There are 4 protein chains.
Amino acid sequence: MRGVKIDFDAAKPIYQQIMDGLCRAVARGELRPGDKVPSQRDMALTLRVNPNTVQRAYREMEREGLLETARGWGTFITRDRSLLEGIRRRLAEEAVTAFVDELEALGLEREEMMELLRSRLESERRIRDDHGAEGEETPGP
Amino acid sequence: MRGVKIDFDAAKPIYQQIMDGLCRAVARGELRPGDKVPSQRDMALTLRVNPNTVQRAYREMEREGLLETARGWGTFITRDRSLLEGIRRRLAEEAVTAFVDELEALGLEREEMMELLRSRLESERRIRDDHGAEGEETPGP
Amino acid sequence: MRGVKIDFDAAKPIYQQIMDGLCRAVARGELRPGDKVPSQRDMALTLRVNPNTVQRAYREMEREGLLETARGWGTFITRDRSLLEGIRRRLAEEAVTAFVDELEALGLEREEMMELLRSRLESERRIRDDHGAEGEETPGP
Amino acid sequence: MRGVKIDFDAAKPIYQQIMDGLCRAVARGELRPGDKVPSQRDMALTLRVNPNTVQRAYREMEREGLLETARGWGTFITRDRSLLEGIRRRLAEEAVTAFVDELEALGLEREEMMELLRSRLESERRIRDDHGAEGEETPGP
DNA sequence: GTGGTCTAGACCACA
DNA sequence: GTGGTCTAGACCACT
């Protein structure tokens with residue numbers, strides 16, 4: 001599973017990290033509605049994790065409606081696109097809320113928040129551009 | 001302690017909520033270098049938590065250098081302003097990182113992030129202005 | 001845990017005695033990098049102390065980087081050998097400092113310190129040799 | 001009181017630090033049998049400490065026989081030289097014991113202990129010599 | 001009255 | 001079974 005990284009030292013439980021990873025793979029379009037997700041067994045092997053842990057993640061995502069299980073066939077991303085889009089929007093909104101709340105708590109003004117974000121995105125762009133240039137032909141005139 | 005709110009249902013441990021609360025009270029300037037923080041017992045009473053829980057929060061913050069304790073006298077905000085400023089900056093940077101990482105994972109572009117933040121801040125401003133207008137003179141003619 | 005002795009009457013807190021004991025077990029090579037240390041409950045039972053006391057010791061040692069904990073799996077000695085060696089050297093240096101400072105405060109000269117140490121080590125050697133001789137063959141003529 | 005330094009952050013209680021300080025001042029010959037020690041009030045002022053704390057230190061040292069109080073006259077170092085010498089020897093022996101025990105716990109051999117001490121004393125000598133040279137005339141040939 | 005330590009015992013999340 | 005958190009309540013040392 002590209003895109004699912006487990007940090008065994010993180011405060012966040014592993015099963016939630018799996019949920020997050022899948023959730024975002026869907027949000028990014030890496031996994032599409034109706035796609036089959038790896039079997040619990042496979043996922044457990046590739047992530048080096050206890051199968052029970054994968055099972056718990058799948059179970060909870062099924063509860064949320066994001067996954068659907070067909071016994072004997074495997075587990076699949078729901079075809080309910082509105083649900084998927086809803087999840088994506090929810091995650092994004094939660095991220096904004098967390099960000100604004102935190103910086104407000106630190107006493108930052110709205111302009112400072114925007115500026116902080118802008119400068120971070122700017123520096124990230126430069127880093128990525130630099131990296132990208134390393135292995136590529138310089139585009140000629 | 002104004003500014004330290006405990007959510008007993010939150011996933012985050014109470015002692016960390018206390019740490020966050022104090023940390024931000026300092027960041028906002030509500031608590032100043034050298035100020036005395038409430039005694040463990042007082043804080044425990046006002047927050048309705050066990051004194052040991054407060055003690056743990058204080059102990060960890062002392063470890064970080066944010067608090068200093070004088071036996072029999074009480075516990076105080078460190079006078080090391082550079083440390084305090086460092087903590088504030090660290091918290092802000094972490095917030096930005098979490099925000100950008102999360103939204104990148106969801107496949108959003110930089111412009112979308114900026115727009116998302118802008119619209120949130122805009123709507124918050126309106127809400128606050130409306131609230132503020134309730135008890136105030138309407139400005140201007 | 002061989003090598004961890006608790007003195008309930010000592011001025012030094014029990015949790016620090018546990019830390020010292022583990023620290024030295026590592027320094028002596030009795031516990032090796034990556035080894036599992038007893039679970040908090042086990043350690044508490046064998047030492048006849050409260051599990052919370054063990055937990056505090058473990059937590060502080062984790063903070064120092066000496067221990068690492070894997071949720072649900074147990075607690076382990078760090079694999080970072082340089083850190084371990086650093087701790088050993090630090091403990092040794094601190095012991096020397098304490099010794100020299102104390103004897104300097106008492107007005108002893110450097111030669112006297114060396115002599116004091118030499119005579120102590122000499123007498124200890126004799127005692128150990130005597131003990132050792134009890135159960136052993138007397139070395140031949 | 002030259003030679004009595006208080007570390008308010010130390011684990012060791014302040015009253016014990018005072019006891020240690022006086023004890024060593026005597027051991028070094030800075031205070032001699034029969035000498036008057038500062039009044040509790042004076043000592044408290046110079047050390048920036050609560051008078052009760054000084055009182056406790058004096059009281060305990062009186063119990064040990066190191067101090068003698070003459071009401072209305074002040075407090076004095078005992079004239080019992082053998083007692084003083086006994087205390088000095090006891091402190092020295094305790095220091096040696098602590099040193100050897102600690103380094104043994106770390107798995108050091110006798111030769112290593114001697115070497116460690118020798119090198120420390122050597123480096124201290126150099127430092128002191130260097131400092132001493134700073135403010136003095138270089139002795140000409 | 002302040003912080004420091006310790007105990008006993010409970011519940012939870014995780015693997 | 002493992003560590004993590006929390007509560008309740010005790011005792012101590014220091015000021």
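Bear in mind that the values here come from a model prediction, so they are computed numbers and not experimental data. Atoms considered below: every heavy atom in the structure, side chains included; atoms not considered: hydrogens, waters and symmetry mates.
One interatomic measurement links the two molecules: CE of B:M61 to P of E:dG3, which rounds to 14 Å at whole-angstrom precision. In this structure, the CG atom of B:L45 is 12 Å from the P atom of E:dG3, given to the nearest Å. We find that CD of A:E60 is positioned 11 Å from C1' of E:dA13, with the value rounded to whole Å. Rounded to whole angstrom, the span from the CD1 atom of A:I6 across to the C1' atom of E:dA15 amounts to 13 Å. We find that CZ of A:R59 is positioned 13 Å from P of E:dA15, with the value rounded to whole Å. Taking atom CE on B:M43 and atom P on E:dT2, their separation rounds to 13 Å, with Å as the unit. Atom CG of B:D9 is separated from atom C1' of F:dC6 by 14 Å (rounded to the nearest Å). Rounded to whole Å, atom C1' of E:dT2 lies 12 Å from atom OH of B:Y58.
Each of C:K36 and B:W73 was matched to the nucleotide of DNA chain F holding its nearest heavy atom; the match closer to the 5' end belongs to C:K36. Comparing C:D42 and B:Q17, the nucleotide of DNA chain F nearest to each residue sits closer to the 5' end for C:D42.
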(request) Would you mind building the protein contact string for nucleotides 7-13 of chain F? One character per nucleotide, 5' to 3', B for base within reach (heavy atoms under 4.0 Å), S for sugar-phosphate only, - for untouched. (result) BBB---S

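Here B:E104 pairs with A:E124, A:R128, B:V100, B:D101, B:M113 under the side chain to side chain contact (heavy atoms under 4.5 Å, CB included) rule; sequence neighbours left out. For B:R24, the side chain to side chain contact (heavy atoms under 4.5 Å, CB included) partners two or more places apart in sequence, or in a different chain, are A:E102, A:A105, A:L106, B:D20, B:R28. In this view, A:L45 satisfies the side chain to side chain contact (heavy atoms under 4.5 Å, CB included) rule with no residue, not counting sequence neighbours. Shown here are the side chain to side chain donor-acceptor pair (under 3.5 Å) partners of B:R32, two or more places apart in sequence or in another chain: there are none. Every side chain to side chain contact (heavy atoms under 4.5 Å, CB included) that C:A10 has, sequence neighbours left out, goes to C:D7, C:Q17.
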(request) Taking Watson-Crick and G-U wobble pairs with both distances under 3.5 Å, convert DNA chain E into its dot-bracket string, 5' to 3', dots for unpaired and | for cross-strand pairs. (result) ||||||||||||||.

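Contact annotation: B:Q55 side-chain N/O to E:dG4 OP1/OP2 distance is under 4.0 Å. Residue C:S39 places at least one side-chain N or O closer than 4.0 Å to OP1 or OP2 of F:dT2. Residue C:T75 places no side-chain N or O under 4.0 Å from the OP1 or OP2 atom of F:dT2.
Taking the side chain as every heavy atom from C-beta outward, C:I77 and C:L84 approach each other to under 4.5 Å.
By the 6.0 Å contact criterion, CZ on D:R90 is enclosed, its count of non-hydrogen atoms from other residues, nucleotides or ligands being greater than 12.
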Enumerate donor-acceptor pairs with a distance under 3.5 Å from any side-chain N or O in residues 59-70 of chain D to protein atoms, sequence neighbours excluded.
unit_1 : atom_1 : unit_2 : atom_2 : d
D:E62  : OE1    : D:T69  : OG1    : 3.2
D:E68  : OE2    : D:T78  : OG1    : 3.2

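Evaluation of the side chain to side chain donor-acceptor pair (under 3.5 Å) test over residues 33-44 of chain B, restricted to residues two or more places apart or in two chains, returns none.
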